[in-house]
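So the structure is just underneath, and the comments pick up after that.
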Amino acid sequence: MKKFFTNLLLVAMFASTPFVFTSCGDLFGMIGDIMQEIEDDENNDDEDNSYEGGDDYNEVYERETIEIEPYGVHRRNLLELCVNLTHEYKYTINGLDDCDWARIEWAQEYEGNVWTPLLTVDENTTGEPREESFAIFLGENYICTHMIYQYP
């Protein structure tokens, strides 16, 4: 279907603007660029799961917020808070490496499950709300993004 519309676009371009171009080389170069961009878009449809960015995962993906009380939590099962995960895999969690008040610990054979991510958030004694974002991947495939928001 895309090829039909691509061909239709080319016919429309040739029919409506033949005198705009001063050189056939420019016309064919532009058409080649358009065709290459369409092919690149088709090839990149399957590769959109990879995250390329800085530490702020919210710039790229929509996030879910995990709200934590000021007294924190100790070893809370993250799978209760994230419906996108299963106990079958040990996911890659990016974004909490430099956070000194929130962390994920992986437990194997926890409550009869193969892998369980356990979230620990320290008590918030700063008097200010704090937040930290993290993204979850399985291999290079993006799963979801969360933000931990802790009340003061």
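Residues: numbered from 1 along the sequence shown. This is a predicted model, so every value here is computed, not measured.
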Heavy atoms of Pro129 and Asn124 approach each other most closely as CA-ND2, 4.3 Å

Shortest non-hydrogen pair, Asp122 vs Gln150, comes out as O-NE2, 2.9 Å

Could you see if Tyr110 belongs to whatever hydrophobic cluster contains Ile136? Use Ile, Leu, Val, Met, Phe, Trp, Tyr and a side-chain cutoff under 4.5 Å.
no

Is the shortest heavy-atom distance from the side chain of Val121 to the side chain of Ile66 under 4.5 Å? no

TODO: Decide yes or no for Pro152 and Pro70: does some side-chain heavy atom of the first lie under 4.5 Å from some side-chain heavy atom of the second?
DONE: no

request  = Verify the distance criterion only: is there a donor paired with an acceptor across the side chains of Tyr151 and Glu67 at less than 3.5 Å?
outcome  = yes

Check: Are side-chain N/O atoms of His146 and Ser133 paired as donor and acceptor at under 3.5 Å?
Finding: no

Residues Leu118 and Asn77: closest non-hydrogen pair is CD2-CA, 3.9 Å

Note: Asp97 and Ile93 closest approach over all heavy atoms is OD1-O, 4.4 Å

Atom OH of Tyr89 with >12 non-hydrogen neighbours under 6.0 angstrom: no

Minimal heavy-atom distance between Asn84 and Tyr91, with the atoms involved, is O-OH, 4.3 Å

- Message: When you group the ILVMFWY residues by side-chain heavy-atom contacts below 4.5 Å and let the links chain together, are Trp106 and Ile143 in the same group?
- Response: yes

Taking every heavy atom of Thr126 against every heavy atom of Arg130, the minimum-distance pair comes out as CG2-NH1, 4.3 Å

Per salt bridge (Lys or Arg N to Asp or Glu O under 4.0 Å), Glu105 is matched among Arg75, Lys90, Arg76 by Arg75

Report yes or no: does His87 contribute a side-chain atom to a donor-acceptor pair with the main-chain N or O of Val114 at less than 3.5 Å? no

**Report entry** Flag, side chain of Thr145 to backbone of Ala135, donor-acceptor distance under 3.5 Å
**Finding:** no

Tell me whether Ile104 shares a hydrophobic cluster with Leu138, the cluster being built from Ile, Leu, Val, Met, Phe, Trp, Tyr side chains joined at under 4.5 Å. yes

